[in-house]
Structure formats: structure tokens, C-alpha cells
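Lettering follows sequence order; numbering is per chain, from 1. What you see below is based on every heavy atom in this structure, not just the backbone, and it leaves out hydrogens, waters and symmetry mates. None of the values given here were measured: they were computed from a predicted structure.
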Amino acid sequence: MTAPVGEGFPKAARVRRRREYLSLGRTARRRHTRHFVLLSEAHTSISRLGVTVSRKVGGAVVRNHVKRCVREFFRRDPQRLLSHHDLVVIAKPGAGDLVFHEIANELATAVASRAERSRRS
RNA sequence: AGACCGGAUCGGGCGGUCGCGCCUCCAUGACCGGAGGCGAGGAAAGUCCGGACUCCGUAGGGCAGAGUGGCCGUUAACGGCGGCCCGUCGUGAGGCGGGGAAAGUGCCACAGAAAGCAGACGGCCGGCGCUUCGGUGUCGGUCAAGGUGAAACGGUGAGGUAAGAGCUCACCAGGUCCCGGGGUGACCCAGGAUGCUCGGCAAACCCCACUCGGAGCAAGACCAAAUAAGAGGGUUGGGCGGCCCGCCUCAAGACCCUCGGGUAUGGUCGCUGGAGCCGUCCAGUAAUGGACGGCCUAGAGGAAUGACCGUCGCCUCCUUUUGGGAGGGACAGAAUCCGGCUUACAGAUCCGGUCUGGAU
RNA sequence: GUCCCCGUCGUCUAGCUCGGCCCAGGACACCGGCCUUUCACGCCGGUAACACGGGUUCAAAUCCCGUCGGGGACG
């Protein structure tokens with residue numbers, strides 16, 4: 001059996017450097033939901049994901065859990081990442097109280113409307 | 001059976017699907033890929049102590065500063081731990097606390113006559129004088145009473161006296177001195193003398209004893225790339241933690257500050273095998289130490305342990321004949337490592353012990 | 001990760017050195033009243049805090065210890 005294409009999530013598909021986060025924060029397009037802020041910007045070759053969860057969200061356990069859930073959501077269906085774009089998800093306070101499917105629903109609607117809008121333009 | 005006290009262990013199990021980090025092997029120019037192995041905690045937390053390790057030139061003496069504080073032991077070290085001593089709380093198992101106030105300085109608000117050392121105030125009594133017979137002046141004796149206050153010059157009783165007082169006596173409490181016995185010691189036990197009666201605060205300054213050089217893995221070492229070669233001012237040596245002594249290095253630069261300009265915040269090592277874990281035996285009351293055997297047990301760097309499903313087990317609620325349905329599952333995430341302390345924690349299990357009640 | 005600093009009315013602060021006069025003072029804000037035709041200004045009065053928990057002490061905002069929260073520095 002062969003895994004579906006893009007099910008993995010290696011290091012190359014993540015935003016790694018603080019500089020990159022800061023430049024995205026300056027120039028990227030923003031989209032707000034109730035518990036998250038999504039930043040996206042066109043990138044060279046591949047699509048990458050970065051997650052930011054500050055200490056306002058909670059302790060180390062809940063922050064790690066939010067990061068893992070966000071990564072899991074995009075890992076299950078990489079089509080949710082726009083191709084050749086960097087996407088940064090920033091968690092707002094309160095995101096730590098959500099379970100996986102609540103995070104998934106919220107991100108799914110955000111991603112869907114964004115994809116629709118970019119398709120229109 | 002109930003109410004407690006002390007200590008220890010665990011922190012859901014099994015199976016599946018997808019996914020992540022590191023290591024080894026295969027393959028490869030490299031990425032990718034394949035197989036196998038390993039992959040959070042008792043507190044990983046707070047960063048409150050102590051070490052290892054690294055750098056600061058050697059880390060030596062003194063002052064200053066900081067810390068600890070019954071005694072003995074234990075340890076690499078400690079403010080930890082163990083045993084004991086004393087005080088205190090509890091019916092008890094047990095809990096909590098711990099140098100010195102007679103070396104000096106300081107403070108003790110309000111109230112109170114008085115707050116530290118002895119007296120004044122006020123009072124009691126006696127002699128003498130005056131007297132309107134109520135008292136009053138003076139000399140002397142004396143401290144028992146004085147609303148207070150956290151704390152008041154030993155306490156209770158009796159004798160004694162003009163009035164009284166350890167003035168005397170009995171008992172009680174404490175101090176000082178002498179001496180005997182036990183204990184490594186803190187200290188305990190017993191005897192004698194002395195009427196000696198002496199406040200609290202050192203988490204106030206301080207005294208005594210002991211300990212401490214400073215910074216910290218973002219320490220530090222190496223590699224690669226880039227650049228600038230500056231200008232002005234100051235100090236004449238410069239270099240540790242506050243200072244001094246002492247020490248090191250240099251002889252034409254060295255150091256500091258400001259301004260201007262620029263690059264960058266990459267990679268490798270440090271990085272996990274250690275005062276390590278488990279078991280048995282020995283020494284010791286114990287903390288702990290020793291011997292033997294076995295084991296290898298996370299090493300990331302915007303940072304890996306997750307998501308979903310099934311099932312079993314636990315708890316709560318609803319319905320209820322079995323049964324069925326719904327929900328819950330704590331505190332919390334390694335970042336150089338280790339020994340402690342402290343704090344958070346649903347629930348479960350085990351060991352030892354105390355009190356009360358019942359039964360025999 | 002390591003090392004520091006700070007928490008006082010709604011806000012900004014004084015008091016902390018060296019404990020007591022402090023159920024904590026001031027300013028702005030808020031509430032009520034007076035003044036004014038009304039508003040503002042002014043005057044009078046009031047509400048309101050020592051981050052939390054222990055300890056030392058007769059007595060703690062102050063001294064000691066521990067939690068919690070906030071802020072900062074270091075390549």
C-alpha cells in the first residue's frame with residue numbers, strides 16, 4: 001500500500017526562521033477567525049506551514065497541543081495549503097480550550113473562504 | 001466499623017490507521033527512500049539551595065558583604081537527610097520550633113504612677129509643731145494596694161510590725177556557685193550552699209562559630225562568510241568581584257566613551273554513560289556506605305511523543321429486572337547534567353500505627 | 001534556558017529606610033449636595049486599595065519564607 005501523496009510533513013515544509021516569521025508578519029495577507037489569525041504569502045517553490053502560539057494561550061502543554069492539532073489538520077489534507085505559498089497560523093487566547101475537531105472546523109471554513117476568494121481574484 | 005497519623009508506589013491497559021524526532025544498517029553525488037531500534041515527569045514546574053563542568057591571567061591574605069545556626073552523624077556538597085536533646089501543641093499515633101538579651105547600642109506606640117533601673121508620683125505608718133479637731137507642715141521609716149497594659153520588680157499561705165517588706169518560715173518556680181554520676185555531645189539524674197529574684201525584641205544593629213572568589217551551556221571552543229583601513233574626546237599604564245595588599249602582562253602602544261558606517265544573529269562541538277538504574281548480600285538503629293551480578297534508558301534547536309477509531313477496566317448521572325444510554329479521566333511537557341527543597345495534583349493500591357465504639 | 005526587578009483605591013502615586021500616631025495620605029476620576037436659568041469652574045461631603053497565604057512580634061503595608069501575576073536583560 002502506498003501512502004496518499006503529501007500525507008507526510010517533513011521539516012522542509014515548515015517555516016523555520018524567526019526572520020521569516022517577522023517578514024510574513026509585515027507583508028502577508030491576514031485573515032481572522034475567532035481563535036486564529038492566518039497569514040499567507042506567495043513563496044518560491046513549495047508550500048510551507050508555520051504555527052505561532054504565544055504564552056498568552058496557556059502553558060507549555062496546551063501550546064504544544066494547539067500546534068500539533070493545527071499541523072495535523074493541514075497534514076491530513078495538504079490541498080488546504082495554497083500551492084507555492086507560506087502560511088502562518090497564529091493562535092489567539094482561548095484556542096487552548098478547543099479540541100481537535102473544533103480547531104479543524106474553524107480552520108476549514110477559513111481556508112475554504114480564502115481559497116474561494118483567491119480563485120475569484 | 002468510624003475518625004485520624006506517618007510512609008511508600010502507580011498516574012489507565014490492549015489493538016488498529018495516519019503522522020513526527022534521533023540513532024544504526026542498506027542504498028545514494030546529494031536530497032529523497034527502505035528496514036530495525038529508541039522517544040517526557042513525579043513533579044520534567046518554581047529557580048529556593050548545593051555540586052559537577054566551562055571561562056574569567058594564579059584563585060593567595062585581610063577588610064567589607066552574603067548565608068547558615070541545638071548535638072552527633074551522613075554526603076561530592078548542602079539551608080538536605082537520619083538519629084538523638086530541649087521546648088511547645090495534641091487524649092494519642094504524631095506535628096511544629098531551635099545559638100547568644102548577665103558584651104554593648106537601640107526600640108517597647110496607646111494606656112498607665114512607672115516600660116528597665118532605679119527611683120520619682122501616689123499611698124501607709126511613727127515622732128515633733130500648729131489646729132477651727134476635719135486636717136496640715138516638717139523629719140524619718142516603708143513599698144503591700146494604685147483603674148492600665150502584650151508585658152509591672154518572684155507566687156501562695158502564715159508569722160511579724162507603728163506601718164510594712166524574703167524581714168522570717170513552709171511549699172512552689174527560677175537564677176548563680178560548688179560537687180558527684182551517666183553520655184562522643186546537645187543534655188540528663190542526684191546532692192549542697194546562697195533570699196540572689198535578674199522583662200521582651202537579635203526574621204533590630206550586633207556578638208560568637210562555621211561556610212562562601214565571580215559569572216554562568218545564551219558558559220565556552222572551532223569552522224565558514226562578510227567588513228573598515230575610521231573620526232573625535234578622555235586616561236597614562238592595562239588587567240579580577242566592592243576595596244587594599246599581593247600577583248600577571250606589556251613598552252609603544254593599551255584601555256574606555258561618543259559618533260559614523262557595515263555585516264550578522266549561520267554551521268559543528270559542548271550534548272548526554274552518569275556521585276546512573278535494577279536485583280541480591282554485608283556493615284549500620286537509620287540516613288548512608290561497600291561487594292557481586294545484570295542493564296543502557298530522549299537528545300531537539302520556531303524545538304520530535306500527536307490525531308482518530310475499537311475494546312476492556314474505573315468513576316458520576318439518567319432509566320432500570322438483567323441490561324441500556326450520556327458524560328468524565330488530575331497536575332502538567334525534557335533543553336548541560338546531577339543531589340535536595342518547595343509548590344500543583346482526579347483517582348487507585350499497599351505498609352506501619354493511634355483513638356473511639358461494638359463483639360468475644 | 002540563565003539572571004534580575006516590581007506588585008498600595010478605577011488610574012498615577014506617598015508611606016516601607018529605622019514596625020505603632022495608618023480600619024493607610026494626596027491628585028485625577030466617580031457619586032450626592034450647594035452655587036448657576038443650565039453646563040463648566042468653584043465649595044462641602046462620600047464611595048474606594050496595602051497581589052495572595054503562612055511565620056516572627058504585644059503589634060506587619062513595612063521584617064522573613066513560599067505562591068501568583070507583571071516587566072526587563074543576556075547570543
Side-chain angles (χ1 to χ4, degrees):
Chain A
M1 143 175 194
T2 56
V5 176
E7 278 272 339
F9 221 128
K11 270 186 185 174
R14 292 187 219 151
V15 181
R16 299 289 297 282
R17 301 278 172 223
R18 176 161 180 79
R19 243 185 323 178
E20 298 169 348
Y21 278 89
L22 291 176
S23 73
L24 277 159
R26 275 197 301 273
T27 61
R29 296 181 53 181
R30 291 165 180 264
R31 173 156 191 87
H32 289 262
T33 68
R34 182 170 177 77
H35 295 105
F36 297 97
V37 182
L38 286 81
L39 310 177
S40 71
E41 188 175 50
H43 187 65
T44 52
S45 58
I46 54 172
S47 298
R48 301 191 304 175
L49 175 70
V51 187
T52 294
V53 186
S54 80
R55 233 178 55 217
K56 292 175 186 170
V57 177
V61 173
V62 304
R63 285 190 285 140
N64 277 332
H65 188 249
V66 169
K67 279 175 164 177
R68 287 162 183 162
C69 288
V70 170
R71 264 208 302 274
E72 178 75 6
F73 168 75
F74 287 102
R75 182 187 69 79
R76 297 307 283 248
D77 189 0
Q79 304 304 313
R80 288 158 171 160
L81 283 175
L82 285 176
S83 59
H84 309 297
H85 275 71
D86 281 345
L87 177 69
V88 169
V89 179
I90 301 172
K92 297 182 184 176
D97 299 328
L98 306 177
V99 296
F100 175 73
H101 69 268
E102 293 175 318
I103 292 173
N105 288 337
E106 188 169 329
L107 290 176
T109 56
V111 166
S113 67
R114 182 201 59 184
E116 204 170 304
R117 192 172 54 182
S118 74
R119 196 177 306 125
R120 269 204 312 269
S121 58

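- Taking a pair to require two hydrogen-bonding distances under 3.5 Å in either a Watson-Crick or a G-U wobble arrangement, rA114(B) remains unpaired.
- What separates CG of Asn105(A) from C1' of rA307(B) is a distance of 14 Å, to the nearest Å.
- Separating the C1' atom of rU75(B) from that of rC81(B) is a span of 10 Å, rounded to the nearest Å.
- Syn is the conformation of rU297(B), whose glycosidic angle sits no further than 90° from 0.
- Look at the C1' atom in both rC355(B) and rG97(B): the space between them is 26 Å, to the nearest Å.
- rG32(C) adopts an anti glycosidic conformation, its chi angle falling more than 90° from 0.
- With a glycosidic angle no more than 90° from 0, rG134(B) adopts the syn conformation.
- Pairing for rG11(B) is absent, with no Watson-Crick or G-U wobble pair whose two atom distances lie under 3.5 Å.
- For the side chain to side chain donor-acceptor pair (under 3.5 Å) test, no residue two or more places apart in sequence or in another chain qualifies with His65(A).
- Spacing between rG200(B) and rA151(B) at atom P, rounded to whole Å, works out to 14 Å.
- Between His101(A) and the phosphate of rA307(B), there is no side-chain N or O to OP1/OP2 separation shorter than 4.0 Å.
- Comparing rA304(B), rG302(B), rC308(B) by their nearest atom to the side chain of Phe100(A) picks out rC308(B).
- The base-pairing partner of rC20(B), taking Watson-Crick or G-U wobble contacts with both distances under 3.5 Å, is rG39(B).
- Atom C1' of rC63(C) sits at a distance of 12 Å from the matching atom of rC201(B), rounded to the whole Å.
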Please table the atom pairs, donor to acceptor, closer than 3.5 Å between any side-chain atom in residues 88-105 of chain A and protein atoms at least two apart or in another chain.
from      : atom 1 : to        : atom 2 : distance (Å)
Lys92(A)  : NZ     : Thr33(A)  : O      : 2.9
Glu102(A) : OE1    : Val99(A)  : N      : 3.0
Asn105(A) : ND2    : His101(A) : O      : 3.2

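- Atom-to-atom, CZ of Arg76(A) to P of rC308(B) comes out at 10 Å; the value is rounded to the nearest Å.
- A distance of 5.0 Å separates CZ of Phe74(A) from CG of Leu107(A), quoted to the nearest 0.5 Å.
- A gap of 25 Å separates the P atoms of rA115(B) and rA103(B), to the nearest Å.
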Are Leu49(A) and Phe73(A) close enough, and set up right, to give a side chain to side chain contact (heavy atoms under 4.5 Å, CB included), and what steps lead you there? CA-CA 11 Å; Leu49(A) 175 70; Phe73(A) 168 75; over 6 Å; no
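- Pairing for rG29(B) is absent, judged as Watson-Crick or G-U wobble with the two contacts each under 3.5 Å.
- With a 4.5 Å cut-off on side-chain heavy atoms, Arg29(A) and Glu41(A) do not count as touching.
- In this entry rG241(B) has no Watson-Crick or G-U wobble partner, no candidate having both defining distances under 3.5 Å.
- Atom-to-atom, NE2 of His65(A) to C1' of rC20(B) comes out at 15 Å; the value is rounded to the nearest Å.
- Proximity of a side-chain donor or acceptor of Arg30(A) to a complementary backbone N or O of Leu39(A) within less than 3.5 Å is not detected.
- Counting atom types as modelled, Arg68(A) pairs no side-chain N or O with a base atom of rC20(B) as donor and acceptor under 3.5 Å.
- In terms of heavy atoms, Val62(A) sits closest to Val57(A) at CG2-O, 4.2 Å.
- Within residues 56-64 of chain A, the residues that place at least one heavy atom under 4.0 Å from RNA chain B are, in residue-number order, Ala60(A), Val61(A), Asn64(A).
- Side chain of Arg71(A), nearest nucleotide from rA303(B), rA307(B), rG19(B): rA303(B).
- Judged by closest nucleotide on RNA chain B, Val53(A) is the one of Cys69(A) and Val53(A) placed further toward the 5' end.
- In this structure rG232(B) sits in a base pair with rC257(B), meeting the Watson-Crick or G-U test at under 3.5 Å.
- On the C1' atoms, rA209(B) is 9 Å away from rG99(B), given to the nearest whole Å.
- Taking the C1' atoms as reference points, rG13(B) lies 25 Å from rA334(B), given to the whole Å.
- Summarising the geometry, the separation between CZ on Phe74(A) and C1' on rG19(B) is reported as 16 Å, rounded to the nearest angstrom.
- Here the P atom of nucleotide rU305(B) and the NZ atom of Lys67(A) are 11 Å apart, to the nearest Å.
- Figure legend. rC177(B) is base-paired to rG192(B); pairs are counted as Watson-Crick or G-U wobble with both atom distances under 3.5 Å.
- Formation of a donor-acceptor pair under 3.5 Å by the Glu106(A) side chain with backbone atoms of Arg34(A) is found in this model.
- The glycosidic torsion of rU272(B) lies within 90° of 0, which places this base in the syn conformation.
- Glycosidic conformation of rA40(B) is syn; the angle stays within 90° of 0.
- Nucleotides rG39(B) and rG2(B) have their P atoms positioned 43 Å apart, rounded to a whole Å.
- Using the Watson-Crick or G-U wobble rule with both distances under 3.5 Å, rC130(B) pairs with rG135(B).
- Regarding Arg55(A), its CZ atom lies at a distance of 19 Å from the P atom of rG302(B), rounded to whole Å.
- Ion pairing between a basic and an acidic side chain is recognised when a charged N comes within 4.0 Å of a carboxylate O; Glu72(A) and Arg68(A) show no such pairing.
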